[in-house]
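We number each residue from 1, following the sequence as shown.
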Amino acid sequence: MLFPSDFLTRLEYLSIMSKRVFRGQLLAQRRTRQTGSGIEFSDHREYSPGEDLRYLDWNIYARHGDLLIRRFQEEQDLHVWLLLDCSRSMSLADGRKFELARQLTAALAWIALADLDRISVVACAAGVVQQFPLTRGRERILPLMQFLETLSADRHETRLQESVRQFLHRRPRPGIAVVLSDLFDPHGFETGLDQLRFSGFDLHVIQLHHPLDAEPGLLGDAEIVDLESGRILQTTITEQMLAQYRQLFQQHQQSVRQYCARYNLGCTQSSTKAEFDALVMAMMRQSATS
């Protein structure tokens, strides 16, 4: 079941814990800031004739005779963009990979909504498939969960670069972008993530894999179907081929870790054996110590 009866209770617990653990460091606890007319002092700049005299720092003028304008920081809503992979590889075996990805999407959205941030879910495969529009407020969690329930991992191959290109074409305001995927992109995942980085997004990668991704457990004659391309291969699988496959899988996982470490990005890698709330808690602790 995608959202069991205690799901909202578990989300509420995560929201409470996010405030205790992060104290401003969790995905949805951070704020972007711009200079404006808020209440937190930022710095000074020189006065220009015609400006509002109410913003003059009269204490500095009295002591030094300098005409300086006080500048403040204005707190803005944080925009959290959740890019969810809906390609066929996410439906492997029992579909647990896609189920966990949607549960994580709902959990991260709830934490952001509870903190009065704005969230949007972008379903992707070879491009943008659907989008839950930018929204705010805790009451929006039920429509979001309904949206996630309608999604299916029945699209063809992952093309992260094209998905991100289409997403950026909609001119989203930079904020936090969370990519939830197995990153089994035949064209490579790096370029798509590069586009998000270059566009000013604070990026976190959540890479999920099914135990069968890591260990297919096949030997002998087999008919292998590529879930994303639909190609069928009839072959005889040997121990040597399995060993080569395991090595390639580990290299792929390592390449994701190295990419995220190189650019100081958040990175969460997990098997589908994990529960969504345990993964979010692990992300909290990682963020709190980074």
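In this structure R118 satisfies the side chain to side chain donor-acceptor pair (under 3.5 Å) test together with D77, sequence neighbours excluded. Applying the salt bridge (charged side-chain N to carboxylate O under 4.0 Å, His left out) rule to E275 yields the partners R10; only residues at least two apart in sequence or on another chain are considered. Checked against side chain to side chain donor-acceptor pair (under 3.5 Å), Q166 has the following partners two or more places apart in sequence or in another chain: E162. Shown here are the side chain to side chain contact (heavy atoms under 4.5 Å, CB included) partners of V129, two or more places apart in sequence or in another chain: A123, A125, R155. In this structure, S255 has no side chain to side chain donor-acceptor pair (under 3.5 Å) partners at least two apart in sequence or on a different chain. Scanning for side chain to side chain contact (heavy atoms under 4.5 Å, CB included) contacts around Y13 gives M17, with sequence neighbours left out. Residues satisfying the side chain to side chain contact (heavy atoms under 4.5 Å, CB included) criterion with A107, sequence neighbours excluded, are L11, L14, F276, V280. Applying the side chain to side chain contact (heavy atoms under 4.5 Å, CB included) rule to Q240 yields the partners T238, Q244; only residues at least two apart in sequence or on another chain are considered. Looking at residues two or more places apart in sequence or on another chain, you find a salt bridge (charged side-chain N to carboxylate O under 4.0 Å, His left out) between E12 and R138.
Taking CD from E99 and CZ from F3, the interatomic distance works out to 9.0 Å, rounded to the nearest 0.5 Å. Rounding to the nearest 0.5 Å places CG of L180 at 10.5 Å from CZ of F98. In this structure, OG in S91 is found 8.0 Å from CG in D154, a value given to the nearest 0.5 Å. For the atom pair CG of L193 and CZ of F198, the computed distance is 10.5 Å after rounding to the nearest 0.5 Å. To the nearest 0.5 Å, the span separating CG on L82 from CZ on R102 amounts to 14.5 Å. To the nearest 0.5 Å, atoms CD1 (I111) and CG (D117) are separated by 11.0 Å.
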Run the side-chain donor-acceptor check on residues 258-265: report pairs under 3.5 Å with partners two or more places apart or on a different chain.
| from | atom 1 | to | atom 2 | distance (Å) |
| --- | --- | --- | --- | --- |
| Y259 | OH | D194 | N | 3.2 |
| Y259 | OH | D194 | OD1 | 2.5 |
| Y259 | OH | R197 | NE | 3.0 |

Tell me which donor-acceptor pairs under 3.5 Å the side chains of residues 205-220 have, and how far apart each pair is, sequence neighbours excluded?
| from | atom 1 | to | atom 2 | distance (Å) |
| --- | --- | --- | --- | --- |
| Q207 | OE1 | Q269 | NE2 | 2.6 |
| Q207 | NE2 | D182 | O | 3.3 |
| Q207 | NE2 | H252 | NE2 | 3.4 |
| Q207 | NE2 | Q253 | OE1 | 2.9 |
| H209 | ND1 | S270 | O | 3.4 |
| H210 | ND1 | L212 | N | 3.0 |
| H210 | NE2 | D94 | OD1 | 3.1 |
| D213 | OD2 | K97 | NZ | 2.8 |
| D213 | OD2 | H210 | N | 2.8 |
| E215 | OE1 | R246 | NE | 2.6 |
| E215 | OE2 | R246 | NE | 3.3 |
| E215 | OE2 | R246 | NH2 | 3.2 |

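Both F7 and M283 are assigned to one and the same hydrophobic cluster, defined by single-linkage of ILVMFWY side chains at heavy-atom distances under 4.5 Å. Residues L78 and L203 fall into different hydrophobic clusters, defined by Ile, Leu, Val, Met, Phe, Trp and Tyr side chains chained together at heavy-atom separations under 4.5 Å. Residues F189 and L104 do not share a hydrophobic cluster, defined by chaining ILVMFWY side chains whose heavy atoms lie under 4.5 Å apart. Criterion: ILVMFWY side-chain heavy atoms under 4.5 Å apart, direct or through other members. Under it, I176 and F132 are part of a common hydrophobic cluster. A continuous path of hydrophobic side-chain contacts links L108 to L84 [ILVMFWY only; heavy atoms under 4.5 Å].
Nearest heavy-atom pair across M90 and A101 is CE-CB, 3.8 Å. A106 and I141 get closest at one heavy-atom pair: O-CD1, 3.8 Å. Contact detail for V80 and A112: the closest heavy-atom pair is CG2-CB, 4.1 Å. Between P133 and S120, the shortest heavy-atom contact is C-OG, 4.0 Å. Contact detail for S271 and L100: the closest heavy-atom pair is O-CD2, 4.1 Å. W81 approaches Q131 most closely through the heavy-atom pair CZ3-NE2, 3.8 Å.
V122 is not listed as a side-chain neighbour of R170, based on a closest heavy-atom distance of 4.5 Å or more. Between V128 and H169 there is no side-chain heavy-atom pair separated by less than 4.5 Å. Looking at P186 and E157, their side chains come closer than 4.5 Å, going by heavy atoms from C-beta outward. Looking at heavy atoms from C-beta onward, V164 lies out of side-chain contact with T191 at the 4.5 angstrom threshold. Residues F167 and Q195 fail the side-chain proximity criterion, which asks for heavy atoms closer than 4.5 Å. Residues F201 and P172 form a side-chain contact, since some pair of their non-hydrogen atoms from C-beta on lies under 4.5 Å apart.
The aromatic rings of Y61 and W58 sit perpendicular, their planes meeting at an angle over 60°, well past the 30° parallel limit.
Evaluated for a side chain to side chain contact (heavy atoms under 4.5 Å, CB included) with T105, the options L151, V121, V178 yield exactly one hit, V121.
Each salt bridge (charged side-chain N to carboxylate O under 4.0 Å, His left out) pair with one or both residues in residues 58-69, not counting sequence neighbours, would appear here, but there are none.
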Next item on the list: Given side-chain contact (heavy atoms from CB on, under 4.5 Å), test L183 with T158 step by step and report yes or no.
Entry: CA-CA 8 Å; L183 295 182; T158 306; over 6 Å; no
Next item on the list: Carefully, step by step, assess F147 and Q130 under the rule side-chain contact (heavy atoms from CB on, under 4.5 Å).
Entry: CA-CA 10 Å; F147 170 79; Q130 293 185 61; 3.8 Å; yes
Next item on the list: Run the numbers on I119 and L134 for side-chain contact (heavy atoms from CB on, under 4.5 Å), then give the verdict.
Entry: CA-CA 5 Å; I119 67 98; L134 199 64; 5.8 Å; no
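For R96 (side chain) and T272 (main-chain N/O), a donor-acceptor pair under 3.5 Å exists by modelled atom type. Distance alone, capped at 3.5 Å, places no donor-acceptor pair between the S199 side chain and the L196 backbone. With Q103 contributing its side chain and L2 its backbone, the two residues share a donor-acceptor pair below 3.5 Å.
More than 12 heavy atoms of other residues, nucleotides or ligands lie within 6.0 Å of NE2 in H64, so this atom counts as buried by the packing criterion.
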